[in-house]
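Everything on this sheet refers to the single structure shown next.
Indexing begins at 1, ligand by ligand and atom by atom, following the structure's order.
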Amino acid sequence: MPVTGSTSDIQAFALFAEFVAKEAGETIRRAIVMEKSFDLKSSVVDLVTETDKAVETFIINSLKERYPDHQFIGEESVAGGLKVSLTDAPTWIIDPIDGTTNFVHTFPYVAVSIGLSINKELVAGIIYHVMADEMYTAVVGQGAFCNGLPIKVTHATTLQGSLVITEVGAARDPLRMDCFYKNFKAVLSTNAHGIRALGSAALNLCMVAKGAGDINYEYGIHCWDVAAGSIIVREAGGYVCDPTGGDFDQMARRVVAGATKEITKELCGILSHPDLERD
Ligand code: LIP
């Protein structure tokens, strides 16, 4: 099939990815209740299981068989030594289990996250919240959906009275932790109603998209954690940017995604940024 990047092509790609994500979810649902062992990746709190690897292989093989010309960036393939390479070609950006720590601990917030980029622009996002059987989807310009029903962000314009979502992440070095505590304190000092962390960047973004939280920020994430979620938030009416207030860059390993431009800019104004190596 020639790739034109037209809306109908992208819708067809997304529909197939939804089907693949659901199949992958079946495997995860069966495995989460079983005995699990894990290996370590970038740190002693960055985990990977055989299920992450098997599910990623399944997703990539399924998409490759259907779309042999497409490219792939997968969390576990990169952990295995493949370089992240984003070109203009249609590129699927995959996190087979977003929330691996949750998976290991049987904490039921695990997601399959699949983003699609064409000409280096995110054009579709599919996130399957496995244990809730919720399929979040978005195609550029077409809105965001959960199980086929439209979703929308809240109207929150200030941090005061808002629900903020963030994560500690997988780094524990002193500089990163200092920044984390500083930002946590800064957010609490705004009289936000609370701070939540689901343990899955993809699901955190879905919560903002569906209006179950007002804003999400995280440092240290990778493109596969946020590719799908960032377009879902945008298509739900939210504002996604870099924590400096500039354009969102999915390779920069940091994100702010808020219900409105106002709340997002307010948060950007109080955040401190750790140094991060790009994807
Ligand atoms: C995880 C994220 C989580 C983040 C972790 C990690 P994984 O993804 O979703 O929000 O804090 O550092 O990146 O490793 O479970 O796919």
Of all the heavy atoms in S200, does at least one lie under 4.0 Å from an atom in ligand 1?
yes
Is the backbone of A170 close enough, under 3.5 Å, to the side chain of D46 for a donor and an acceptor to pair up by distance?
no
Under-4.0 Å heavy-atom contact with ligand 1, by part of H222 that carries it
neither
Keeping the roles fixed (side chain from E56, backbone from E75), state whether a donor-acceptor pair exists under 3.5 Å.
yes
Contact partition for T100 relative to ligand 1, non-hydrogen atoms under 4.0 Å:
both
Taking both backbone and side-chain atoms of D98, is any N or O found less than 3.5 Å from an N or O belonging to ligand 1?
yes
Got a donor-acceptor contact below 3.5 angstrom from the K41 side chain to the V48 backbone?
no
closest protein heavy atom to atom 10 (O) of ligand 1 is A201 N, 3.0 Å
Heavy-atom donor-acceptor pair, T260 side chain to H155 backbone, under 3.5 Å
no
Kindly confirm or rule out an N or O of I221 lying under 3.5 angstrom from an N or O of ligand 1.
no
Spell out, as yes or no, whether a donor-acceptor pair under 3.5 Å connects the side chain of E235 to the backbone of Q142.
yes
Within-shell test, K41 vs ligand 1, heavy atom, strictly < 4.0 Å:
no
Considering both backbone and side-chain atoms of I97, is one of its nitrogen or oxygen atoms within less than 3.5 Å of a nitrogen or oxygen in ligand 1?
yes
